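Shown next, in structure tokens, is the structure this report addresses.
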Amino acid sequence: MENENIDKTSLVNKFNTIIKEKKNLLISIILSIIIILIILFGHNYIQNKKNEQIAEKFIRGGLYLSSKDLVNSKLIYEEIVRSKNKFYSPLALNEIIENNLEKNNDKIIDFFLVIEKINLDKDQNDLMKLKKALFLIKISRETEGKKILDEIVKDNSIWKEIALEILK
């Protein structure tokens with residue numbers, strides 16, 4: 001029994017000695033972990049705030065659109081597209097196209113290029129390709145549009161059937 005207590009106290013003494021020797025290293029590790037956590041939570045907080053601001057802008061753009069203030073609506077939607085938000089940028093481009101807010105076709109194609117640079121998942125990316133192809137066909141750039149539709153078919157996308165239907 002006394003032998004057991006001696007083993008426990010010697011183990012505790014060894015542990016205390018190791019902690020004293022490695023005190024600076026342990027403090028550095030703990031501070032590093034705390035700093036990393038603060039950075040992660042801070043980044044997440046900033047991203048959430050940006051998403052909230054973009055959501056508010058999208059709603060404001062819709063309000064301008066419904067009140068026939070097409071100029072301000074267009075400006076807000078363009079700003080949202082340029083923000084490269086995964087959710088709202090494609091929606092904003094959709095609003096621009098559906099409501100004919102932008103008359104310059106080259107500018108709309110540039111917006112498609114902005115959206116293509118966003119890291120969307122495959123299905124969303126293919127949907128944007130399909131919309132771009134339809135837009136190109138609409139503005140009489142059929143060969144470019146059909147080329148994109150062919151890519152969708154070759155990639156075996158979930159939009160393959162729709163692309164094949166359009167190609168007929």
Side-chain angles (χ1 to χ4, degrees), residues 1-66 72-98 101-102 107-135 148-163:
M1 181 114 146
E2 201 174 296
N3 219 7
E4 222 173 270
N5 282 341
I6 292 173
D7 286 343
K8 287 182 182 178
T9 56
S10 70
L11 187 63
V12 169
N13 287 337
K14 284 181 183 179
F15 184 71
N16 285 336
T17 306
I18 291 172
I19 288 178
K20 286 178 183 176
E21 289 174 0
K22 307 286 183 177
K23 184 170 88 173
N24 290 337
L25 179 64
L26 288 173
I27 290 172
S28 297
I29 290 172
I30 291 170
L31 283 175
S32 297
I33 291 171
I34 290 171
I35 289 171
I36 289 171
L37 288 174
I38 289 171
I39 290 171
L40 288 175
F41 286 120
H43 177 71
N44 191 26
Y45 177 78
I46 290 169
Q47 284 303 113
N48 286 339
K49 280 295 184 189
K50 284 182 181 179
N51 282 341
E52 287 176 16
Q53 290 172 348
I54 291 172
E56 289 172 10
K57 285 180 184 180
F58 189 81
I59 292 169
R60 197 174 331 120
L63 291 173
Y64 282 134
L65 186 62
S66 65
N72 282 323
S73 180
K74 175 184 156 186
L75 291 173
I76 288 174
Y77 286 140
E78 285 179 357
E79 184 180 341
I80 293 170
V81 169
R82 287 190 191 101
S83 75
K84 298 180 182 177
N85 181 283
K86 284 184 174 186
F87 184 76
Y88 287 104
S89 292
L91 288 176
L93 178 56
N94 227 23
E95 291 294 323
I96 290 170
I97 293 170
E98 285 182 15
L101 297 177
E102 180 60 59
K107 197 168 183 181
I108 292 176
I109 292 171
D110 288 340
F111 290 152
F112 274 110
L113 295 174
V114 170
I115 302 294
E116 288 171 4
K117 291 178 184 173
I118 300 173
N119 190 17
L120 300 174
D121 65 43
K122 183 181 179 347
D123 294 340
Q124 284 180 309
N125 194 33
D126 289 343
L127 177 60
M128 290 310 298
K129 284 182 182 179
L130 181 67
K131 289 180 180 185
K132 182 178 181 180
L134 289 171
F135 179 75
I148 294 172
L149 291 172
D150 285 334
E151 288 176 19
I152 293 171
V153 171
K154 287 178 187 171
D155 287 345
N156 206 20
S157 167
I158 64 168
W159 305 104
K160 177 181 179 178
E161 296 300 320
I162 295 171

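Remember, predicted model here, so these are calculated numbers, not experimental data.
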All pairs passing salt bridge (Lys or Arg N to Asp or Glu O under 4.0 Å) where residues 30-51 contributes a residue, at least two apart |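 Every pair satisfying salt bridge (Lys or Arg N to Asp or Glu O under 4.0 Å) with a residue in residues 30-51: K49-E52.
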If you define the side chain from C-beta out and look only at heavy atoms, does anything of [X] sit under 4.5 Å from [Y]?
X	Y	answer
I39	I35	yes
L65	L101	yes
I97	F112	yes

Closest approach of Y77 and G61, non-hydrogen atoms and distance?
->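 Taking Y77 first and G61 second, the nearest heavy atoms are OH-C, 3.4 Å.
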Interatomic distance, L93 atom CG to I108 atom CD1 [nearest 0.5 angstrom] |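 Interatomic distance, L93 CG to I108 CD1, rounded to 0.5 Å: 7.5 Å.
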Euclidean distance, L91 CG relative to I115 CD1, rounded to 0.5 Å =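 Result: 9.0 Å between the selected atoms.
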Output a table of donor-acceptor pairs, distance under 3.5 Å, between side-chain atoms of residues 122-134 and any protein atom two or more places apart or on a different chain; print 'none' if there are none.
from, atom 1, to, atom 2, distance (Å)
K122, NZ, D126, OD2, 2.8
D126, OD2, S157, OG, 3.0
K131, NZ, N94, OD1, 3.1
K132, NZ, E116, OE2, 3.1

Contacts under 3.5 angstrom, residues 78-89 side chains, donor-acceptor by atom type, not counting sequence neighbours:
from, atom 1, to, atom 2, distance (Å)
E78, OE2, K107, NZ, 3.4
E79, OE2, K57, NZ, 2.3
S83, OG, I80, O, 2.6
N85, OD1, F87, N, 2.9
N85, OD1, Y88, N, 2.8
N85, ND2, N51, OD1, 2.7
K86, NZ, N119, O, 3.2
S89, OG, I80, O, 2.8
S89, OG, V81, O, 3.3
S89, OG, K84, N, 3.3
S89, OG, N85, N, 2.8
S89, OG, N85, O, 3.1

Could you walk me through whether N44 and L40 pass the side-chain contact (heavy atoms from CB on, under 4.5 Å) test, one step at a time?
-> CA-CA 6 Å; N44 191 26; L40 288 175; over 6 Å; no
Distance-only donor-acceptor pairs under 3.5 Å for side chains of residues 14-26, two or more places apart:
from, atom 1, to, atom 2, distance (Å)
N16, ND2, V12, O, 3.4
T17, OG1, N13, O, 2.7

Under the side-chain contact (heavy atoms from CB on, under 4.5 Å) rule, collect the residues that match up with I34, sequence neighbours excluded.
->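 Applying side-chain contact (heavy atoms from CB on, under 4.5 Å) to I34 gives I30, I38.
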With L37, which residues qualify under side-chain contact (heavy atoms from CB on, under 4.5 Å), at least two apart?
->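 For L37 the side-chain contact (heavy atoms from CB on, under 4.5 Å) partners, ignoring immediate neighbours, are I33, F41.
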